[in-house]
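Take a look at the structure below.
Atoms considered below: every heavy atom in the structure, side chains included; atoms not considered: hydrogens, waters and symmetry mates. Order of the sequence lines fixes the chain letters, A, B, ..., with proteins taken first and strands second; residue numbering starts at 1 for each chain.
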Protein chains: 2
Amino acid sequence: MTPAPHRRLSRERVLAGAVRLADTHGLPAVTMRRLAADLGVEAMSLYHHVPSKDALLDGLVEAVVGEVQAEVAASGEPEGWRARLRDRCLSARRVMLRHPWAPALISSRPSVPPTAYLHYEAILTTLVDGGFSYHLAHRALHALGSMALGFVQEVFSPVPSADAPGTDPGAADLARMADALPHLVAMAESEAHDAGDPVLGWCDSQAEFEFTLDLLLDGLDRARVLTT
Amino acid sequence: MTPAPHRRLSRERVLAGAVRLADTHGLPAVTMRRLAADLGVEAMSLYHHVPSKDALLDGLVEAVVGEVQAEVAASGEPEGWRARLRDRCLSARRVMLRHPWAPALISSRPSVPPTAYLHYEAILTTLVDGGFSYHLAHRALHALGSMALGFVQEVFSPVPSADAPGTDPGAADLARMADALPHLVAMAESEAHDAGDPVLGWCDSQAEFEFTLDLLLDGLDRARVLTT
DNA sequence: ACCTGAACACCGTTCAAGT
DNA sequence: ACCTGAACACCGTTCAAGT
């Protein structure tokens, strides 16, 4: 918002500014020109600290992955592979909730930044220490997939949630689709009714995330025991 | 490639052209001006069949979802909720392999096109017919998440695969990281060694997809039995 | 060394004009 | 009704020039 008064630019300040811009106005607002203006500088000045827009986007991913590492460290790693992995995925999710633009950005990048490999190495170490063979650990890494980065799946959201209030079809829309989508409408009504519990709301999608995570962890545990 | 000789434009021809352009030159190449040139027409002509670039992108998602429905129909639906769901996810994956740009596009869209709800309704119907309560079916829908659209998770790919030959770190890069990422390097070597089997290759990531899919379906089956 | 300003080749889109 | 061409407000980026 307020053009930063500092005179000295740096890669860190550029990336921090880009993160802030994406958080407040969305990823499309992250423009070399707009970012520069936000930093109180000319567009071309950015190129002294970042080689290109593409590199800026890579830096954005790097910054988010770094936040995940910090969040994991701050949450104090528990004992046992299952709890550690669970904790790491939930930490990652908290970071993604702070930066809703991050999942789409990360999956659109052609390659993951080198620092992300530290994150995967940590997961892999936890798995191997937990008794997984490399082969099964590899499968586990893929199975965890986007959960490992805490991706909030909004691919599907039929039930109005506090997470994304504006993007769901309203009750009126659902009523109009009722004959084409009978089960979807019935489910939405049934779930909305159950949600009288005030604890729910955004917690709802937290519960979905944990349900899926536990489903995967349970399955991986079973596969691990079978091969031991 | 060859500018279409047809004189008459239509929404269908515009969308088909956009899909073809994305397939051959990637999503960034899908530009109003370039798409128009590809269709042998002026940029502004497109606006008579599509209200905006944003609507064009929505149409692109719609086209891909439509292809998924067609692929499911073509594969002849098997008996039983588990086999039907499995078949549907694998069909979706085949479509996404044909359009590698689609997953990133879909997850970057603020909302899913109305036609996608037919896809989810079909999944939900299969679940309900299979004995799932609405509550558990809702969780299942979220758990299946991106698998339901056949997303090819390339978030993580430490082992060179035929899927994305250029994007992985080469053996040289891995050797350089060896001290920072011991397990990742060891795993990559171990897996590369096992892959002497000529059947593997792109099949490898097919196997990963099916492993994860079965992990989820097994877990959902267990949850279903518990609540019955 | 870092920052600037003008310039170039692109974008999406509006609008008045053509048929 | 559909298509066009010029124009406008934006992009990312090159380059020569300033300090």
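Rounding to whole angstrom units, CG of residue A:Leu39 and P of C:dC2 are separated by 16 Å. Rounded to whole Å, atom P of C:dC11 lies 14 Å from atom CG of B:Leu57. B:Lys53 places its NZ atom 15 Å from the P atom of C:dC10, with the value rounded to the nearest Å. Going from atom CE of B:Met32 over to atom C1' of D:dC11 covers 16 Å, rounded to whole Å. Atom pair B:Leu46:CG and D:dG5:P shows a separation of 14 Å (rounding to whole Å applied). One can place OH of B:Tyr47 at 10 Å from C1' of C:dT14, the figure rounded to the nearest angstrom. Atom CG in A:Leu35 sits roughly 17 Å away from atom P in D:dC10 (whole-Å rounding).
Considering only the side chain of A:Glu42, C:dG5 comes nearest among C:dC11, D:dC11, C:dG5. Side-chain proximity of A:Arg8 to the nucleotides C:dC2, C:dT13, D:dC2 is greatest for C:dC2. Closest approach to the A:Ser45 side chain among C:dC3, D:dT14, D:dG12 is made by C:dC3 (side chain taken as heavy atoms from C-beta onward). When each of D:dG12, D:dC3, C:dC3 is scored by its nearest atom to the side-chain atoms of B:His49, the top-ranked nucleotide is D:dC3.
With respect to A:Glu71, the salt bridge (Lys or Arg N to Asp or Glu O under 4.0 Å) criterion is satisfied by exactly one of A:Arg93, A:Arg88, A:Arg98: A:Arg98.
Counting only heavy atoms from C-beta outward, the side chains of B:Leu46 and B:Lys53 never approach each other to under 4.5 Å. Contact annotation: the side chain of A:Val112 never approaches that of A:Val65 to less than 4.5 Å [non-hydrogen atoms, C-beta and beyond].
Across all strands shown, B:Met44 has heavy atoms under 4.0 Å from base atoms, whether or not it also approaches the sugar-phosphate.
Ring geometry, A:Tyr117 versus A:Tyr120: the interplanar angle exceeds 60°, so the pair is classed perpendicular (tilted spans 30 to 60°).
For B:Arg33 and C:dC10, the shortest distance from a side-chain N or O to OP1 or OP2 is not below 4.0 Å. Between A:His48 and C:dT4 there is no side-chain polar atom (N or O) within less than 4.0 angstrom of OP1 or OP2.
Side-chain atoms of B:Gln206 and B:Arg94 include no donor-acceptor pair closer than 3.5 Å.
In a base pair of the Watson-Crick type (N1 to N3 plus N6-O4 or O6-N4) or a G-U wobble (N1-O2 and O6-N3), with each distance short of 3.5 Å, C:dT13 is matched with D:dA7.
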